[in-house]
K.L.:
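Take a look at this one; I'll ask things after.
All ligand and atom numbering here is 1-based and tracks the order in the structure.
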Amino acid sequence: MSDRKPVSVLFVCLGNICRSPSAEGVFRQAVHSAGLAAHIHIDSCGTGDWHVGKAPDARAQDKARQRGIDISGLRARQFDASDLQRFDFILVMDRQNLSDIRDIWRRNGGTEPELFLSYGNSSHDEVPDPYYGGDEGFEAVLDLIEEASDGLLEAIRERLA
Ligand code: 4NP
């Protein structure tokens with residue numbers, strides 16, 4: 001396993017300040033705890049450009065910190081078509097993200113985007129956008145992300161084995 005090129009994972013949402021940086025932080029910690037940090041490369045981005053260069057939303061930072069995860073150092077960037085060639089997994093948060101990235105994928109090829117929650121066991125298939133809602137939305141985002149992260153880690157372990 002040690003000679004292998006790292007498996008690369010890109011989380012995608014709309015703004016890259018709430019859901020996808022939360023997913024990056026949660027999954028990074030799960031990978032670190034599993035001793036696989038050298039084998040899995042993780043990044044996140046947004047389909048939109050409004051928040052490029054910004055730190056995660058303060059509510060996302062606070063809720064992650066309450067679970068022992070520091071995402072304060074992350075900075076938003078926008079998805080680029082070259083990401084389709086650079087990442088092995090492109091995991092989007094909702095159907096709008098899926099549609100937006102699929103349009104780019106149809107023209108460019110590369111890794112096909114998937115709904116991140118397809119790796120989870122819950123009845124949800126989208127991580128709802130918490131931006132215009134209250135604190136409980138950010139808790140729900142983290143619950144969904146934690147569960148899907150476990151499934152994703154198992155899928156990547158199989159690929160690394
Ligand atoms: P995210 O949430 O896609 O999870 O980062 C949002 C952040 C910003 C906006 C929408 C959703 N916005 O409209 O600015």
K.L.:
Between Arg19 and Asp94 (salt bridge meaning N to carboxylate O under 4.0 Å), is one present in this structure?
P.N.:
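Salt bridge between Arg19 and Asp94, a charged N being under 4.0 Å from a carboxylate O: yes.
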K.L.:
Counting non-hydrogen protein atoms only, what is the nearest one to atom 14 (O) of ligand 1? Give residue, atom name and distance.
P.N.:
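Sorting protein heavy atoms by distance from atom 14 (O) of ligand 1 puts His51 NE2, 2.7 Å first.
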K.L.:
Taking N or O atoms only and a 3.5 Å limit, does Trp50 qualify as a polar contact for ligand 1?
P.N.:
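Between Trp50 and ligand 1 (N or O atoms, distance only) the closest approach is not under 3.5 Å.
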K.L.:
Quick one: does Met93 get a heavy atom under 4.0 Å from ligand 1?
P.N.:
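In this structure, Met93 fails to qualify as a contact of ligand 1 - no heavy atom is under 4.0 Å.
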K.L.:
Where on Asp129 is there a heavy atom closer than 4.0 Å to ligand 1, on the side chain, on the backbone, on both, or on neither?
P.N.:
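The answer is the side chain of Asp129.
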K.L.:
Any salt bridge between Asp43 and Arg28, counting N to O under 4.0 Å?
P.N.:
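Salt bridge absent between Asp43 and Arg28.
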K.L.:
Within the 4.0 Å heavy-atom shell around Ile17, which atoms of ligand 1 are there?
P.N.:
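Close to Ile17: 5 (O), 7 (C), 8 (C).
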K.L.:
Quick check on contacts: which atoms of ligand 1 are under 4.0 angstrom from a heavy atom of Cys18?
P.N.:
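Counting atoms of ligand 1 from 1, those under 4.0 Å from Cys18 are 1 (P), 2 (O), 4 (O), 5 (O).
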K.L.:
Indicate yes or no for a side-chain donor-acceptor contact from Asp83 to the backbone of Asp80 under 3.5 Å, with no hydrogens or angles considered.
P.N.:
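Yes; at least one donor-acceptor contact below 3.5 Å.
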K.L.:
If you measure every N/O of Gly15 against every N/O of ligand 1, is any gap under 3.5 Å?
P.N.:
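Yes, since at least one N or O of Gly15 sits under 3.5 Å from an N or O of ligand 1.
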K.L.:
Under a 4.0 Å heavy-atom limit, does Asp57 contact ligand 1 with its side chain, its backbone, both, or neither?
P.N.:
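The answer is neither; Asp57 stays 4.0 Å or more away.
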K.L.:
Side chain of Glu112, backbone of Phe89: donor and acceptor closer than 3.5 Å?
P.N.:
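Not confirmed, Glu112 side chain does not pair with Phe89 backbone.
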K.L.:
Side-chain contact, heavy-atom cut-off 4.5 Å: Phe11 with Val26?
P.N.:
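Not touching, per the 4.5 Å side-chain cut-off.
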K.L.:
Is there a nitrogen or oxygen of Cys13 sitting under 3.5 Å from a nitrogen or oxygen of ligand 1?
P.N.:
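So ligand 1 has no N or O lying under 3.5 Å from an N or O of Cys13.
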K.L.:
With heavy-atom distances below 4.0 Å as the criterion, list the atoms of ligand 1 near Leu14.
P.N.:
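Result: 3 (O), 10 (C), 11 (C).
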K.L.:
State whether the side chain of Gln61 and the backbone N or O of Pro56 hold a donor-acceptor pair below 3.5 Å, judged by distance alone.
P.N.:
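Confirmed, Gln61 side chain pairs with Pro56 backbone.
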K.L.:
Is it the case that the side chain of Thr47 and the backbone of Asn97 share a donor-acceptor pair, with hydrogens and angles ignored and the cut-off at 3.5 Å?
P.N.:
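Not at all, since once roles are kept as given, no pair shorter than 3.5 Å links the two residues.
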K.L.:
Number the atoms of ligand 1 from 1 as they appear, then name those within less than 4.0 Å of a heavy atom of Tyr132, with their elements.
P.N.:
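Atoms satisfying the 4.0 Å criterion: 13 (O).
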K.L.:
Which distance, rounded to the nearest 0.5 Å, do you find between the CD of Glu24 and the SG of Cys13?
P.N.:
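Glu24 atom CD to Cys13 atom SG measures 10.5 Å (nearest 0.5 Å).
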K.L.:
Any N or O on Asn16 sitting closer than 3.5 Å to an N or O of ligand 1?
P.N.:
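Among all N and O atoms of Asn16, at least one is under 3.5 Å from an N or O of ligand 1.
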K.L.:
Got a second to check how far Ser44's OG is from Ile17's CD1, nearest 0.5 Å?
P.N.:
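It comes to 11.5 Å.
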K.L.:
Which residue holds the protein heavy atom closest to atom 12 (N) of ligand 1, what is that atom called, and what is the gap in Å?
P.N.:
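Checked against all protein heavy atoms, atom 12 (N) of ligand 1 sits closest to Tyr131 CE2, 3.6 Å.
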